[in-house]
Protein chains: 2
Amino acid sequence: MITDDARQPERLRHAASWLINQASAHSHRLVADGFAAAGARGYHYRLLAALEEYGPASQADLGRRAAIDRSDVVAALNEMAEGEFVERAPDPADRRRNIITLTPAGRRHLHELDRVLAGVQDELLAPLSAPERARLTELLTRITDHHARSRP
Amino acid sequence: MITDDARQPERLRHAASWLINQASAHSHRLVADGFAAAGARGYHYRLLAALEEYGPASQADLGRRAAIDRSDVVAALNEMAEGEFVERAPDPADRRRNIITLTPAGRRHLHELDRVLAGVQDELLAPLSAPERARLTELLTRITDHHARSRP
DNA sequence: GCCATTCATTGGTCATGCCAACGAGTACAC
DNA sequence: GTGTACTCGTTGGCATGACCAATGAATGGC
């Protein structure tokens, strides 16, 4: 993000899509930096979180829960299997599937990333009070829910 | 975005950074599709908007106003110069610089993109009332301003 | 006159979100 | 049962956005 001193065009400053993108870019930079320091990236966190909350699952299920394309799940799991954060085992009941399991190391890794994310969150939302944060969360939830429902 | 029926992990559903990213992804998809149909992409719109609001400028200035890296400004201007939306002329007063000017075709193109963006905006914010949209804009503005100021 | 800085440009990198196609496997209809 | 439609993992590709480093030309401050 290169903002410097110059003011942005007015039409951009008031466009919600621009603001959301700007906020997302800030957020993304903070998260990516924090995760990179821990040797991870966004996809890893999402997959680990889905694994801890729902237990072992197939790659396709993981992708659906973490909102990641099947093909990208493969790559992320390869990376995480190298660090022994997850285990891939064939599903005896359905030989198309792999069952992915979180290892203890993976759980520790996830909790580390949880801490990173909490710190980033605080930094990102620094200018907002607690009620304002809640309001923002609520508005954004309405938007994402609306668009998630309206998509196959 | 692959959301389908599956619920996302709770820690994601309540994290502001996740929500912002989700909203940004929706917004980005809508905007990119709309712009692509008009033969443009985000960088083009930002540069055209900066040009119309502030008049002819050097590429470096454009980059600062549109928050785009200098090197990416080059590529985007190349693409737009092909469509004759902008003109590159050397600055006689400073021979390092190019002066970029919006052509009439560029202005028409910009206004077309304005209409596209307005439509997308409406779709994106569909679930929110007018006061809610204003509130969201205000909160996001506070966040982006905060982080823009805190960066060199 | 020198030195730091700015400018446009080239040429990379990375993450994210997609899509298409493949072979293997499964499920359902008939 | 057989065939058709679907699912799964995987490979490989693409576009966008946001960066970074380095280079040569030009400028400006000192």
Side-chain angles (χ1 to χ4, degrees), chain A residues 1-4 17-18 20-36 39-47 57-64 66-79 81 88-100 147 151-152, chain B residues 1-4 17-18 20-36 39-47 57-64 66-79 81 88-100 151:
Chain A
M1 189 79 16
I2 291 120
T3 44
D4 284 17
S17 57
W18 164 264
I20 288 176
N21 261 311
Q22 288 290 100
S24 166
H26 289 305
S27 150
H28 184 268
R29 189 164 12 80
L30 293 172
V31 171
D33 287 356
F35 281 2
R41 57 197 181 92
Y43 280 7
H44 297 189
Y45 179 75
R46 294 199 225 162
L47 290 172
S58 71
Q59 299 184 189
D61 276 352
L62 278 179
R64 279 184 285 266
I68 299 174
D69 189 89
R70 286 213 308 267
S71 59
D72 299 318
V73 171
V74 174
L77 287 182
N78 286 343
E79 292 157 10
R88 251 201 199 95
D91 183 345
D94 185 342
R95 302 209 313 274
R96 291 171 302 181
R97 289 185 170 131
N98 288 336
I99 296 188
I100 309 300
H147 291 279
R151 278 169 62 76
Chain B
M1 189 77 20
I2 292 118
T3 44
D4 284 16
S17 56
W18 164 265
I20 288 176
N21 262 312
Q22 286 292 97
S24 165
H26 290 305
S27 148
H28 185 268
R29 187 164 13 81
L30 293 172
V31 171
D33 287 356
F35 281 2
R41 55 196 184 95
Y43 280 7
H44 296 188
Y45 179 76
R46 294 199 224 162
L47 290 171
S58 73
Q59 300 184 188
D61 277 352
L62 278 180
R64 279 185 284 266
I68 300 175
D69 189 272
R70 286 214 307 268
S71 60
D72 299 318
V73 171
V74 174
L77 287 182
N78 286 342
E79 292 157 10
R88 252 200 198 96
D91 183 344
D94 184 341
R95 300 208 316 271
R96 291 170 303 181
R97 289 184 169 132
N98 289 337
I99 296 188
I100 310 299
R151 279 169 62 77

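From a predicted model like this one, the values you see are computed outputs, not experimental measurements. Each chain gets a letter, A, B and so on, in the order the sequences are listed, and its residues count up from 1.
- Between A:Asp91 atom CG and C:dA24 atom P the separation is 19 Å, expressed in whole Å.
- Closest to the side chain of A:Arg70, from the set D:dC8, C:dT10, C:dT16, is D:dC8.
- Between B:Asp91 and B:Asn98, every side-chain heavy-atom pair lies at or beyond the 4.5 Å cut-off.
- For the pair A:Ile99 CD1 and D:dC8 P, the computed distance is 13 Å after rounding to whole Å.
- With the nearest nucleotide of DNA chain C identified for both A:Ala93 and A:Gly42, A:Gly42 has the one nearer the 5' end.
- Judged by distance alone, the side chain of B:Arg41 and the main-chain N or O of B:Ala36 form no donor-acceptor pair under 3.5 Å.
- Counting heavy atoms from C-beta outward, A:Arg88 and A:Asn78 have side chains that approach closer than 4.5 Å.
- B:His44 is listed as a side-chain neighbour of B:Glu79, based on a closest heavy-atom distance under 4.5 Å.
- Protein atom CG of A:Asn98 is 11 Å distant from nucleotide atom P of D:dT11, rounded to whole Å.
- Checking the phosphate oxygens (OP1, OP2) of C:dC7, a side-chain nitrogen or oxygen of B:Arg64 falls inside 4.0 Å.
- Rounded to whole Å, the distance from CG on B:Asp94 to C1' on C:dT6 is 8 Å.
- When heavy atoms are screened at a 4.0 angstrom cut-off, B:Ala60 is found touching the sugar-phosphate backbone but no base atom.
- Of all heavy-atom pairs spanning B:Tyr43 and B:Ala76, the tightest one is CB-CB, 4.2 Å.
- Among D:dA18, D:dT16, D:dC20, the nucleotide with an atom closest to any side-chain atom of B:Asp69 is D:dC20.
- Looking at A:Arg41, its side chain has no donor and acceptor atom pair within 3.5 Å of the base of C:dA15.
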Go through it in stages, so that I can follow the logic: the residues are A:Ser24 and B:Ser24, the test is side chain to side chain donor-acceptor pair (under 3.5 Å), and I'd like the CA-CA distance, side-chain angles, deciding distance and then a yes or no. CA-CA 6 Å; A:Ser24 166; B:Ser24 165; 3.2 Å; yes

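- Closest approach to the B:Ser71 side chain among D:dC20, C:dC7, D:dT10 is made by D:dC20 (side chain taken as heavy atoms from C-beta onward).
- For the pair A:Ile100 CD1 and D:dG9 P, the interatomic distance rounds to 8 Å; values are reported in whole Å.
- Put simply, the side chain of B:Arg97 reaches to within 4.5 Å of the side chain of B:Asp94, judged on heavy atoms.
- Here B:Arg88 reaches the OP1 or OP2 of C:dT9: one of its side-chain N or O atoms lies under 4.0 Å away.
- Regarding contacts with the backbone of D:dC8, a side-chain N or O of A:Arg97 is found under 4.0 angstrom from either OP1 or OP2.
- Rounded to whole Å, the distance from CG on B:Leu62 to P on C:dC7 is 12 Å.
- Annotation: of the two residues near DNA chain C, A:His44 and B:Leu77, the 5′-most nearest-nucleotide partner is B:Leu77.
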Nucleotides 3-6 of chain D: which of its N/O atoms have a protein N/O under 3.5 Å away?
none

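- Rounded to a whole Å, the NE2 atom of B:His28 is 14 Å from the P atom of D:dA15.
- The side chain of B:Arg95 approaches D:dT27 more closely than any other nucleotide in the set D:dT27, D:dC8, C:dG11.
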Given A:Ile99 and A:Ser58, is the side chain to side chain contact (heavy atoms under 4.5 Å, CB included) satisfied, shown in steps? CA-CA 5 Å; A:Ile99 296 188; A:Ser58 71; over 6 Å; no

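- Between A:Asn21 and D:dA18 there is no side-chain N or O to OP1 or OP2 distance below 4.0 Å.
- Distance, A:Asp72 CG to D:dT11 C1': 12 Å, rounded to whole Å.
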